[in-house]
Structure formats: structure tokens, C-alpha cells
Amino acid sequence: MMEKLQLKIRMNEEIAPKIYKIIFLATEIVKKAKAGQFINLYCNKGELLLPRPISICEVNKKTGEITLVYAVVGKGTEIISTMKSGDTIEAIGPLGNGFSVDEEVKQHLIIAGGIGVPPMVELVKFLKGNITVYLGFRCNPILVETIKQYGATVYVATEDGSVGIKGNVMDLINQHNPVAEMIYSCGPKPMLKAVAEWSEKLKIPAQLSLEERMACGIGACLVCTCKTKKEQDWENKRVCKDGPVFWRDEVIWHD
Amino acid sequence: MMEKLQLKIRMNEEIAPKIYKIIFLATEIVKKAKAGQFINLYCNKGELLLPRPISICEVNKKTGEITLVYAVVGKGTEIISTMKSGDTIEAIGPLGNGFSVDEEVKQHLIIAGGIGVPPMVELVKFLKGNITVYLGFRCNPILVETIKQYGATVYVATEDGSVGIKGNVMDLINQHNPVAEMIYSCGPKPMLKAVAEWSEKLKIPAQLSLEERMACGIGACLVCTCKTKKEQDWENKRVCKDGPVFWRDEVIWHD
Amino acid sequence: MTKVNMKVNISGVELKNPVMTASGTFGSGIEYGEFVDLNRLGAVVVKGIANTSWKGNASPRVAETFGGMLNSVGLQNPGVDEFIQKDIPFLRKYDTKIIVNIAGKTVEEYCEVVKKLATADIDLLELNISCPNVKEGGVSFGTDAKMVEYVTKQVKRVSKQPLIVKLTPNVTDIVEIAKGAEAGGADGLSLINTLLGMAIDIHKRKPVLANVVGGLSGPAIKPVAIRMVYQVAKAVGLPIIGMGGIMTGEDAIEFIQAGATGVAVGTANFINPTATMDVLEGIGKYMNQYGVEKISDIRGIIA
Amino acid sequence: MTKVNMKVNISGVELKNPVMTASGTFGSGIEYGEFVDLNRLGAVVVKGIANTSWKGNASPRVAETFGGMLNSVGLQNPGVDEFIQKDIPFLRKYDTKIIVNIAGKTVEEYCEVVKKLATADIDLLELNISCPNVKEGGVSFGTDAKMVEYVTKQVKRVSKQPLIVKLTPNVTDIVEIAKGAEAGGADGLSLINTLLGMAIDIHKRKPVLANVVGGLSGPAIKPVAIRMVYQVAKAVGLPIIGMGGIMTGEDAIEFIQAGATGVAVGTANFINPTATMDVLEGIGKYMNQYGVEKISDIRGIIA
Ligand SMILES: Cc1cc2nc3c(=O)[nH]c(=O)nc-3n(C[C@H](O)[C@H](O)[C@H](O)COP(=O)(O)OP(=O)(O)OC[C@H]3O[C@@H](n4cnc5c(N)ncnc54)[C@H](O)[C@@H]3O)c2cc1C
Ligand SMILES: Cc1cc2nc3c(=O)[nH]c(=O)nc-3n(C[C@H](O)[C@H](O)[C@H](O)COP(=O)(O)OP(=O)(O)OC[C@H]3O[C@@H](n4cnc5c(N)ncnc54)[C@H](O)[C@@H]3O)c2cc1C
Ligand SMILES: Cc1cc2nc3c(=O)[nH]c(=O)nc-3n(C[C@H](O)[C@H](O)[C@H](O)COP(=O)(O)O)c2cc1C
Ligand SMILES: Cc1cc2nc3c(=O)[nH]c(=O)nc-3n(C[C@H](O)[C@H](O)[C@H](O)COP(=O)(O)O)c2cc1C
Ligand code: FES
Ligand code: FES
């Protein structure tokens, strides 16, 4: 059984313009959480009904704490950003499937952009072997040091060229021509699509974490679908329950 | 011009079961406020749109503070009751007409019941001469000492007989057979109706403070009406703007 | 903030900006004049006016609901004569357009009000066809396209100012109703009026409203209003005044992108007495942010 | 809390309590089974099922609105065969009634589903007549009383379980529609389905929903739902399942006092995964507080 949890906030701080890091005590979630899964945060503001899905950035099995990193983009995240250490936030989770980690794979390539970077932190912790990470940002990079700290080699691209190369993750890829046995990616749709095309050409298996507007977050309402292949045909799968992580081969791109 | 004010709460305390006293700094309101007027408090909770009208209990011209006393009866007052000293509450006011005070009158009779008692505190301060006050409550009397302190003679009735006589304000009246040149009354409708009948029989002029569900609170929307006499006919007057205080002779009782 | 051009033209009348007040929520402007500078409004739409004074319904006339409210004022008004005498001179002191909302229980009553307003110093007429048609068993005029066409045509024949017809959303097909108004000669449309709703006090075991049912307004109904404005704008060529739950400039922009020429602020006034000004400023902010030079550049931009 | 009798009878089927799930918001129960004990529900109403699998609409399919949400799922479902094979055995493990919501684009499609369900182990059928009728240009079956009577009659002829007809609120006169269903032989009515609405992303200048319009649900629509349940309960003798914005036991009591026999919880599940249980407990609390012995003592108590 699962329940709606009341989580005590330990920290909620702006780590870059409009980007917040929130830490709360969530032993029930920490026990089960996997990289690539997400949790539903409730805004607790009358007129905003739906929960906000936010990826798990880091779990700390020892302290029972969980870290999320979120961008303030609208009313819900705005409200969450005003919550203070000591306040309680309602949540359910962990939700979704998460990344699958294959112990045999030794050469990992992570490609993430913007607010798609946070889930990669927890992932890096669980990968064994060589980990190369390409991160793209509009301007202010986040979590670069954290990811390096877990032993990955990190390259950064920014659109304004303020940090790393000027450009996006595809420019990094074209520059480095990386080799890899497995790709993990999360970020804006155009980036994921480019990663999918590139990895397909190179025949490297890729796991892509998708985003879609949600209601229930647990697979019951069918509002969060993504087109996927099915034999000769296609079907709509649920991003919240069958995803958010999909194999590149499954996904049919549309807009 | 008036504006929506952001008022700093100085105190918000439970003074009797489910009855709160709130004090805030409101120099703009204090300057203009009169006994019997009310202010509109906004709950600042998304789905609760309408302001809550609450009578002015006391104004302090020196400190610029205003005191209200309110009962927690629903969602809005519930939320207001959770606000703390230092928090800000939105409000407009003062609204409505208030009691008219005639300097010639020397024998005043105040009859109030339950949550109709608070506006009488500020009134007592402005009356000159003899002031007799009858207060009725279900069980826990409020503001009795405060009113006494301003020089009025106060009698209390409680339905459970725990304080004062067992009964209601009409029982007090029947017991005391008071004389008066002017009556001021506020409380539940059945009480106001009884006061109206009694005062009419004795031909004592009476000012009755009515309550009605409101939206704008300033006279624009016409949802808060009360039936009043008009020559051979009747008309609907606005409790918020033409009232809340009406002369007994104006009011047509209905339910 | 650079100055943006907010002028809009509604049925031949130029408004300095698209922001108006929704009928019945702003009295005749006097009360809210304490909070806002009426000169800054595109237009003041006054409360519904009938041929004679109406007493309206019994109290309580209001119920708060989740994100909205119900009202059952029942079109209380002092009658057109008193309105002409008292309210027009007050409003004319301000540099804003005057739109008079018209109530009636029969086609004849509507026409009588309009005739009396023919020589009055007002800019536009807004015909409220949500009123119950007493000759047809109390069913609202606005629920039948043929009836809408008929009443519009009759009123149009006696009206001197351009005629906007205000539609009720309590219909199966709003487009058909809008076309009825167009066929009747309407110069513009207002939508939406309130949705019919009800609330029960479960403790007292009776309806909250003395009138049992009432009109639902406020942000709760905005999605229905946007949908109807969008559908009607696609199907009918008339200028539209959009309303229903507008609280902010962003809400107003949503209506404009759906196809509205003007926007009216109703229930939001009760929640925030300067709502009209906030909406006006919010529109300006959006136009500045996106470099929108004139409102018509984004009007009905949704495919 | 003393134990209260919450049993209700819907069209001949006895439910242990009036609380059910609203179709489409609870899948077939598996997912929410992680949060609530399905044995405690009066009934599970499953998502709409068609004769073959439907893919539904493009994403995004959801938009949050003030106090509500829009959805445009478009009745994605695996088809009746897979439903019978997978979902019924799962649900039958629980001590709760199974109500199957039926979708179709033609009368024949509706009938095909119902025929296939004839031998299935389910308790009640709920016919969703808000679906677009492809033979009539895509207008919803539920907007014309004659069509409602016809489709109800046809489905009734082939149905083995009692038939509840679920009405759309997007109509001028809900009573007339309800009477159509009654004339067609419906054993009960569900109301309301979602209100047609729309939301625009003013920054992207396009509708939030890929499908442009969608169905509005949640507490925002409760006053419309209460009004319709009240009107229909007064005019028609059939048992009613009331829904639209139920979040708490008090909301459910409001529907029951308006005349509903059962109540369904939809959007509230998304806001609070144990909403059904909270509603159930809230009803019990009210009954205890006021000494209501059985639900029928307060059903339709509003004059
Ligand atoms: C599986 C998943 C994981 C995510 N992880 C993160 C993360 O780690 N950090 C982060 O900053 N953001 C993440 N997002 C995006 C995040 O959910 C949205 O930014 C957030 O919901 C916006 O809420 P709002 O109220 O501020 O915005 P509004 O625009 O006011 O929200 C309105 C509605 O749209 C939905 N919505 C708006 N933007 C998005 C979006 N991009 N994706 C999904 N729903 C959206 C909201 O949930 C809400 O229902 C994730 C989304 C998904 C689906
Ligand atoms: C002129 C005036 C002066 C008042 N002065 C006081 C006072 O000094 N102290 C005090 O405790 N109460 C006073 N009241 C009553 C007070 O306004 C209500 O108790 C309060 O609005 C209830 O809000 P709620 O959200 O807790 O209740 P809910 O029942 O949840 O409110 C729902 C809606 O109904 C309205 N409402 C509910 N009860 C009343 C009521 N009795 N009168 C008017 N509207 C109501 C609310 O404003 C709101 O719009 C006064 C009312 C008026 C009209
Ligand atoms: C208290 C009140 C009174 C109203 N009176 C009228 C009226 O007299 N004539 C009319 O056409 N509409 C009337 N309306 C409807 C509004 O003008 C508007 O169409 C509706 O409330 C939707 O807008 P909103 O959500 O911004 O309030 C009234 C609405 C309210 C809330
Ligand atoms: C995501 C979603 C999917 C729905 N799918 C169906 C459906 O398949 N069949 C149906 O009859 N109603 C469907 N509905 C309507 C609900 O059953 C219900 O009538 C409506 O949402 C009002 O109730 P609520 O406000 O409690 O959600 C759906 C509603 C939502 C929100
Ligand atoms: S959000 Fe409900 S199924 Fe994915
Ligand atoms: S509350 Fe609007 S006129 Fe009194």
C-alpha cells in the first residue's frame, strides 16, 4: 500500500536563477526510490488541484532524505519555492519506472539538458565503469560539480557560451564523437529527438526520460500518453506508469 | 480614494471556544472608522473568493490599531484563525453606515447577542449618559468586562445559565423593564425581531445592525439586500452600504 | 514600460482600451469609483436596466462556491427613468464609454427600455437575453436561436445605439445562438453570462439561495467561457466582448487570443476592488513583453 | 462513531455504500488499489470501454484550470475483449460492485459492447452518451432527447444488466434529456459528465490541449452538477448517481440531499489518492452527527 505523505522540508534554496533545490525527510520514498523515478508534489493551494511531478535528483539512504531540483516556471513551482525549512509538503512516490541499469555495461553516456539534468545525479551513483556526461544549458549550469564528484567525466555546453563550449549537447557530441554501450538522456524534446536520431545511427541503445502533462501520476487517468510502436501499429503508453523512461526504439516522435 | 490594504497582524488569539480576537495595524481605517461599521477581510486562499465582513469591535486612535472579534464558523474564518502575529491580512474598510449617535440622548439601551456583541464595544465608548447593556450568549460570554470598563451597566443571560440569568436577552428585558431613549441592537435575527417588536410597543427608537451574505461589500452588486418600507410600497436596500445599521421602522421582517 | 496601443473598436465605437466591467458587478460605477479611476476604463457596463423598477429576488442572493460564486439578484434595478436621470450624468463626467445592459420579461419591455434610451447620452446597448421570457413559460429568451433572432430584430428596429447581444452559456450549441443574434442584426456579442447552478446548506438542509438556483460566475467558469468565445469567433463575424472569470491581464489575453475584441471583469471586482486596473496593466505588460503593437495583432490568433 | 447503514439500491443492485469512482478517473481499479482498499467501495465504475481498442487523442491531454481541469483523453481503451479478459477477474477479487462504462461512435458499436458484456460477471452498465455520434456529424448523442431515447432503447434491448445512462451537461434542458433516457427504458441516470471547455497557453499562443477543447471536471463544476441532479431528481423517478467535483463527504451529502442515490468521485482522486475513502468517512460522520439512520432519510430532502 502507498499513501499520501506529509514530508518535512529540510532545505529549499535557490541554487541558480529560478532553480531551487529542495531536501526533505522521506524515509518511505527513499527505501524504494530508483534513479529516473519521480514524485508528485502537491501545492496545497486551493485552486491548483493537480500534483506537480518532479524527478528524484538524489536519495540519501542513510539520512532518509531526498533531494529534488526544480525550476520555477509557473504557479505551482512558484508556491513550492516559497516553502521553508520546517514546513510540510504533501507528496506521493516514488512513481514511474526509472532507468534500468545493466551491470554488464561498462561504457555509459549521459546526455542531459536544462532541468533534465537532476535525475542524472542519482543515476551516476549507480553506474559502474566509465561514465561520460554531456550537459547542455541555456546559461547557468547546475549540478555539474555534484555529478563530477560521483566520478563522471562531465562536459558542458551553454547557449550563451558562458561556461564550457558555446552551443548545445549535440555540438558536444559532434566535437567528441563519444563511444558508449548505453545512453541515458533527459531534457527538452528537441534534444531527446536529436539524441534518439544520433544513437540510432550509431546503434547504441538509449533510454530516454520523457515529460508529459499529468493528472493522477499513477497510471489511472490516461492523460499523459506518448506514442509508442506496437508490432505493425502504434499505441499510446502512459508516461507516468510505463515511463517516464522509454527505450529509444519504442518512441514515435510527434509534436 | 480607497484601496485594498495589507494589514500587519499584531495579535490573533482564541478568547473563548472558537471565538478569536484579532488586532492589526490599520491607520487608514482607524482614521475613518465608526462604531457599527465593518471591514472586509480576504482569506487569501485560492478557491475562497469572497471577502468576509467582520464588524469593528474597537479602534485605537493612538496606536492606529483595530480590534475585531470573530467566531470560527466556516472555511474562511478557519483560515483567518490560523494567521499569526506578524502575518499580513488583506482588507478594505471601513464599510457601511455605522450607528448614529445623538448627543441629546442620555438614556441608552444596548441589546446584543452572541457574535453581535463585538460592535457594541466601540459604540459604548461614544455614548454619553446612562448606558445599560443586555448581552445574551449560548454559553461563554465574551467582552463583558471590556464593555463594563467603558462605564456601562451590563447584564448577562446565558442559555445554559452558566453566567448571569438562564435565558436570553428578552428574559433580561422582561425582568428589568428598562427605560431608554434609544436602543442599539445587534445579534441573531430572531433576537433582532423580538427587540424590534418590544421597542415598537414601547415607542423607543431603535437602531438594528443586520447581517446578510455579501459579495462586494461596497454597494455595487446588490446581493446583500434587506426588505425595507417605502411609502405605500417596499424596496430592497443594501445591508452593506445602506446598512448594516437600519432604523427599526425601516425594516420589513421576513425569513 | 513603453506605451502600447490598446484601442479597440466595438461595433463602431472606439474604446481607449478593451477593459470594461461586467454588467451587474459594478453598479453604475459610483461605488468602485472609490477604488479605481473610471477614466482609465475602456467602458463601464452598467447593471441590467428594465422599463420599470424591479425588486429582484429574496435574500440570501449569494453563495460562495469553489473558485466561483452563485448570485440570484434577479435583476433588481431602479428602472430606466431613474437610471437616465441619475446614473448617466454621473458616468458622463468620466472619459469612458457607457454601455447599458438591458433587461426585460417580454420583447415589448426590452423595446420600451431601448426607446427611452434612444435620446440618452450613452454609447452602446447590451441586450441581456438570459432573462426569463414570461410569455413563454419563463424559459430564457437566449436558449432558442429563432427567439434570439426575433428579439434581436425587434430591439434593433427601435435602437439608436449599436446593439450588442449578451448570450447565455446554458445552451447546447452556442454557435447556433450566436448566428441567431447575427441574423437578427446584432452589432456585437457579449459572452458569457452565468452558468445555472445551485448550492445546498447540508446543515440547514436547504438551498443556500432563497431563489434555489442562481448564476455561477468567477474563475471556475473561465474554461467554458474561453471555449464559447473561441467557437463563436470562428463562426460569426461580429466583435465579441469576452467575460467569465477574468481575474488578471493574462486571463484577458486568453480571451483576446480566443477571439474577443473587448473583455469584461465581473466577479473579480469583489475579490479585488482594483481588478479592472490590474487586468489593464497586465494586458500592457504582456504586449510589452512580446512586442505586440496593437491588440488586433493577437486577437483570435488561435487557429 | 456508531455504525451507520449506508446501503443503497441502484436499479435493483444493492451497494454497501453510495461511494463509487467516476468513470475514466480510476482506470480499472488496479492503480488506486495501491492507495485504497477496493473492498470498501460501493462500486468501481471503470473507464469507458468500446467494442474495439481506441487510441484516444494526441497529447497534451490535460490542462489545469482554476478549481478544475480539462481532459481530452478521447476514450482511449483496450476494447471490450481485453477488458473482459483482464480487468473483470481483477475486480471480482474484491467485494465491490462492478459498473462498466460504455463508449461508442454509433448505436451499433454501443450494442456490440453490451452484447459482449451480457455473459460477463459485472453488475451494472453505464452508457456514456457524451460520445460524438459519427453518423450525425460528430454531435454528441446526449444532446438530443429523441436520440437519447433511441440509443437507450436499442441498448436496453440487448443488455442483460440494468442500464444507467450517463448524461452530458452541455445541453439547454437537462430534464428533457433525462426524460428521453427514461422513455427509452433506462434503469438509472448518472450525471454529470464534463462541461466542454478550453484553455489557451498565451505564451505559446496555442491551446493547451492538442485536441483544442476538452472536458471540464473538478470542484469548479459542482454547482452546475448539483443543480442538474436536483432538477432531474424532481422530474424523473429513476435512481441517480451524482458526480461533478465531489471532494469531501460534505460534497457527497450535498448531492444526496439534491436527490442522488449514489455518488461518484472523479477528479478528486488525482488531488488526493484516498479521496474515495475520505468521502466515505465524511458521509458516515455527517450521518452520525445528525443521527441519520439510513441514507434514504436525507435523499432528495431539498424541497
Ligand atoms: C516525469 C516528470 C519529471 C519532471 N521532473 C522535473 C524536475 O526534476 N525538475 C523540474 O523543474 N521540472 C520537472 N518536471 C516538470 C515539472 O513537472 C513542471 O515544470 C511543473 O509541473 C510546472 O508546474 P507549475 O505549476 O510551476 O507550472 P504551470 O505551467 O502553472 O502548471 C500548470 C499545469 O501544467 C503542468 N505542467 C507545466 N509544465 C509542465 C512540464 N514541463 N511537464 C509536465 N507538466 C507540466 C503542471 O504540472 C500543471 O498541471 C518534470 C515533469 C515530469 C512529467
Ligand atoms: C456586516 C456584518 C458584520 C459581521 N460582523 C461579524 C463579527 O464581528 N464577528 C463575527 O464573528 N462574524 C461577523 N459577521 C458574520 C461573518 O461575516 C461570517 O461569520 C463569516 O463571513 C463566515 O465566513 P466563513 O468562511 O467562516 O463561513 P462559510 O460558511 O464557509 O462562508 C461561506 C460564505 O458565506 C458567507 N457567510 C457565512 N456566514 C455568514 C454570516 N453569518 N453573515 C454573512 N455572511 C456569511 C461568507 O462570508 C462566505 O461568503 C458579520 C457579518 C456581516 C454581514
Ligand atoms: C452579482 C452579479 C450580477 C449580475 N448581473 C447581471 C446583469 O444585470 N446583467 C447581465 O447581463 N449580466 C449580469 N451578471 C453576469 C456578469 O455580467 C458576467 O456575465 C458573469 O458574471 C461572468 O463574468 P465573471 O465571471 O467575470 O463574473 C451578473 C453577475 C453577477 C456576479
Ligand atoms: C481524465 C478523465 C477521464 C474521463 N473518462 C470518462 C469516461 O471514459 N467515460 C465517462 O463517462 N466519463 C469520463 N469522465 C467523466 C467523469 O467520469 C465525471 O463524470 C466527471 O469528471 C465529473 O466528475 P469529477 O468532477 O468528480 O471529476 C472522465 C473524466 C476525467 C477527468
Ligand atoms: S497521469 Fe494519469 S495515467 Fe499518467
Ligand atoms: S455586498 Fe454587494 S451590494 Fe452589498
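Fair warning: this is a prediction, and the values are worked out from it, not measured in the lab. Chain identifiers are assigned alphabetically (A, B, ...) following the order of the sequence lines, protein sequences preceding nucleic acid strands; residue numbering begins at 1 within each chain.
- By number of non-hydrogen pairs under 4.5 angstrom with chain C, the leading residue of Ile302(D), Ile200(D), Thr65(D) is Ile200(D).
- With a 4.5 Å cut-off on non-hydrogen atoms, Ile202(C) touches chain D through its backbone and its side chain both.
- For a residue to count as touching a neighbouring chain, one of its non-hydrogen atoms must lie under 4.5 Å from one of that chain's; by this rule Tyr286(D) touches chain C with the side chain only.
- Contacts of Met247(C) with chain D are made by side-chain atoms alone, with heavy-atom separations under 4.5 Å and no backbone atom involved.
- Each of Thr172(D), Asn170(D), Thr143(D), Asp144(D) was compared with Thr172(C) under the side-chain hydrogen bond (donor to acceptor under 3.5 Å, both in side chains) criterion, and only Thr172(D) meets it.
- Met198(D) pairs with exactly one of Arg227(C), Met228(C), Glu254(C) by the side chain to side chain contact (heavy atoms under 4.5 Å, CB included) rule, that one being Arg227(C).
- Atom CD of Glu293(C) sits in a sparse spot, with 12 or fewer heavy atoms from other residues, nucleotides or ligands closer than 6.0 Å.
- Your options are Leu216(D), Ile298(D), Val171(D), and the one with the most heavy-atom pairs under 4.5 Å with chain C is Val171(D).
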Run the side chain to side chain contact (heavy atoms under 4.5 Å, CB included) check on Glu250(C) and His203(D) step by step: do they pass?
CA-CA 10 Å; Glu250(C) 301 194 340; His203(D) 305 290; 4.2 Å; yes

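- Heavy atoms of Val212(D) lying under 4.5 Å from chain C belong exclusively to its side chain.
- Interface residue Val213(C): only side-chain heavy atoms are found under 4.5 Å from chain D.
- Taking a 6.0 Å sphere around NZ of Lys234(C), one finds it holds more than 12 heavy atoms contributed by other residues, nucleotides or ligands.
- Ranked by non-hydrogen atom pairs under 4.5 Å with chain C, the options Ser140(D), Ala199(D), Pro219(D) are led by Pro219(D).
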Run the numbers on Gln231(D) and Leu196(C) for side chain to side chain contact (heavy atoms under 4.5 Å, CB included), then give the verdict.
CA-CA 11 Å; Gln231(D) 289 179 325; Leu196(C) 196 60; 4.1 Å; yes

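- At a 4.5 Å heavy-atom cutoff, the contact between Asp201(D) and chain C is made by backbone atoms alone.
- For Leu70(D), the part sitting under 4.5 Å from any heavy atom of chain C is the side chain, from C-beta outward, and nothing else.
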